[in-house]
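Whatever order the structure lists them in is the order used to number ligands and atoms, beginning at 1. Given the structure is predicted, the values throughout are model-derived calculations rather than measurements.
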Amino acid sequence: MIGAGRYRTHAAAGAAEAVGEAVRVSGWVHRRRDHGGVIFIDLRDRSGIVQLVFHPEQAPEAHAAAERLHLEDVICVDGQVVRRSEETINPRIPTGEVEVAVSAMERLAETEPVPFSVEDESTEPSEELRLTYRYIDMRRPRRLAALELRARVVRAMRRVLDDDGFLEVETPVLTRSTPEGARDFLVPSRLSQGEWYALPQSPQLFKQLLMVGGLERYYQIARCFRDEDLRADRQPEFTQLDVEASFVEPQDIEDLTERVLVACFAEAGIEIPTPFPRMGYAEAMRRFGSDRPDLRFGMEIQDWTDAAGRTDFAVFKGVVDGGGVVRGLVVPGAGEGVSRKDGDELMAEAQALGAKGLVWAIVQDDGTLRSPVAKFLDGLAADFGAAPGDLITLVADDEQVASEVLGTLRNRFAERWGLIPEGMWAPLWVEDFPLVGWNADEKRWDALHHPFTAPHPDDIDLIATDPGSVRSLAYDVVLNGLEIGGGSIRIHDQAVQKAVFACIGLGADEAEDRFGFLLKALRLGAPPHGGIALGLDRLVMLLAGERSIRDVIAFPKTATGADPLTGAPAGVDDTQLRELAVRSTAPSPEEREK
Ligand code: ASP
C-alpha cells in the first residue's frame, strides 16, 4: 500500500478485517464525541470510516491530544483493532463491528474551521460555496462516490475498447477550428502574432485523419471546448469518449457502443437489455415531438387533424386549411382539479414555447368533456382513447411547431404529474436524420450533425436539387430523453465532401482555405470510416442518479462559465497581452462601474 509504514498499515475500511492486529491509520477527523472520559473519533479516509477510541487511562498522552482535535484535522494513529461490545455495534457502516483502541496519535495538519460540514450531508450549502471549497465538498461521501463511479466508467470504456483492438491516441488541444456548430475558444499565438489557435470542439477531423493514416480503430477520452451560452446543464469544457473506426457500417458502431454502455451500466449495478430499439427521426418527431424521445412513459402525440378540419371551430379550420396540423396528448389522471385558471396557464405555457395557443379538455365521469370549447371537440376522447379523469391538450399549428411544443409539454407533464417510473432505463437509437436543416435566420442550410457526415447513398443526387430531403448516415444514442452520444459514417470521397460544403454555403475557396487539409487527405487513400462520441459527464450523471453534470465533474464551472475556486476567468498582465500583440477593448472595471 502507498504510504505504508510511515503513515499507515491499513486503510480505514481495512480495519474490519484486522481484529486483534496492531494498525496504523491516517485520515481526517470526521466526527467527534467526547463523553467526559473516553473520546470517540470517526476517522475518515477515502476507503471509509473507522471509529477510534481514546482511553484516558490506557493512553493518557493520546487522549490529551485528542481533546484538542478539531473536525477535519488530519491525524495518524497507532492502535489495536478490537471488537465492539454488542450494544455499540453500528450496522450502518462496514467497519461498524470494530474500533481502534488508540495507543499513540500524531496530528499531521491542524485545520481552521471548515466553511461547511463534511459530516452532515443533510444540509446542502449553496453551490457557489461548494464550488469555492470544492476540495471540502469532495470529502463528502456522495461527491466522492460520483468521482469514483466516473473513474470506473472510464475504466470500463477502456476495457471494452482495448479488448476490441482500439488504440488510444491523443489529439491536439491547440488546433484549428472544428465546426461542431458552436463558437470556438481562441488562443492567441505569441510566435505567430495575429494568428490564433482554436481549442477543439471535438477531435472530429483528427480522428478522421487517423483513419486515413491507417489506424483503423481509435478512441480517446477527449476534452472538448465549446463557447456556448451555458443554458441548462452545459459546461464550456466537457469530456467525451471519442471513437472512430474504418471499414464499418452504422450497425458496427452501434453494436460496439451498446457493449461499451452495458459495461458502463454494470459499474453502477444496472443491467440494460440489448439491442437497443431503433427509431427513425421522422417517427420520433411524429410520435414524441423530439429527436431524443423519453421512452420511459407513453403519452404519445396523437393526430386529430382530419376530425378537427370537420369541426366548426374557426381556429382549427384555419390551421387545417392552411396545411397545418391539430395534434394532442392525453395526460392520464391529470384532469382532476384542473380549473379554468389552470387551463389558461397551460395555454400560456404552450404560447411561451412558440405555439399560437392550446386547447384543453377534461374527460368527465360520464364521458363528456369539460373545456371552454367542448362543443367543438365531439369524439375527441374516443379518438384519443382517453378515460374519465384524463387531461387532453391540443395544439393547432404548422407541423414542426405543433410537434416541438407537444414534445416539450409531454416531458414536462410527465414530470409534473409524476408519470415517470423510478429506476427505469430506456435507451434507443435514433437514425435516419436529415443531413441538413434550414436555418431561417441565416437563410441557408446547416449540417444537422456536422458537415463530415455521409449522406445516405441513395440520396446523393438530391444534395444539389433537394437538400432538405437528403437523409444522413448519422445516429444518436438516447437515454431517458437525453442524448448521450451521437455519431455517423463519414464522407470519404472528396467530391461528395465538396458537394456537402457547397450545399451548406461553403464556397469552393473557403472550403479549400478551411478544410483543404481534409480534402487533400480524402484524395490520398481514405478508407470508409465512421464513429461516435459519448458524453461522459451526462452518462455518469445519469448513472450516479445526480441531476446536474456539475456533480460528477471534479472542478466544474458555474452557469456563467466561472470557476469560483480559482477565480477563472481572470484578467492578465499588460505585458502578456503585448507579447501576444493583443489589445483588450473590454471596459476596465472602473468604466464598468459607471
Ligand atoms: N464529433 C461529434 C461530436 O463531438 C461526434 C461524432 O460524430 O463522432 O458530437
Element-labelled atoms of ligand 1 that are located less than 4.0 Å from some non-hydrogen atom of [X]:
X    : answer
K207 : 6 (C), 8 (O)
H449 : 6 (C), 7 (O)
S202 : 1 (N), 4 (O)
G486 : 5 (C), 6 (C), 8 (O)
I532 : 8 (O)
Q240 : 4 (O)

Heavy-atom nearest neighbour in the protein, as seen from atom 7 (O) of ligand 1, with distance rounded to 0.1 Å = R490 NH1, 2.8 Å
inquiry  = What protein heavy atom lies closest to atom 2 (C) of ligand 1? Include the residue and the distance to one decimal.
reply    = E180 OE2, 3.5 Å
Salt-bridged, [X] to [Y], with N to O below 4.0 Å?
X    : Y    : result
E483 : R292 : no
E124 : R142 : no
R296 : E415 : no
R550 : D537 : no
R286 : E399 : no

request  = Would you check whether S488 has a nitrogen or oxygen atom less than 3.5 angstrom from a nitrogen or oxygen atom of ligand 1?
outcome  = no
key: Heavy atoms from other residues, nucleotides or ligands near CD of Q351 exceed 12 (cutoff 6.0 Å)   = yes
task = For ligand 1, note which part of R226 has a heavy atom under 4.0 Å away: side chain, backbone, both or neither.
result = side chain
query = So which bit of Q201 gets within less than 4.0 Å of ligand 1, heavy atoms only: side chain, backbone, both or neither?
reply = neither
R583-T585 side chain donor-acceptor pair, cut-off 3.5 Å = no
message = For the OG atom of S126 and the CG atom of L131, what is their distance to the nearest 0.5 Å?
response = 8.5 Å
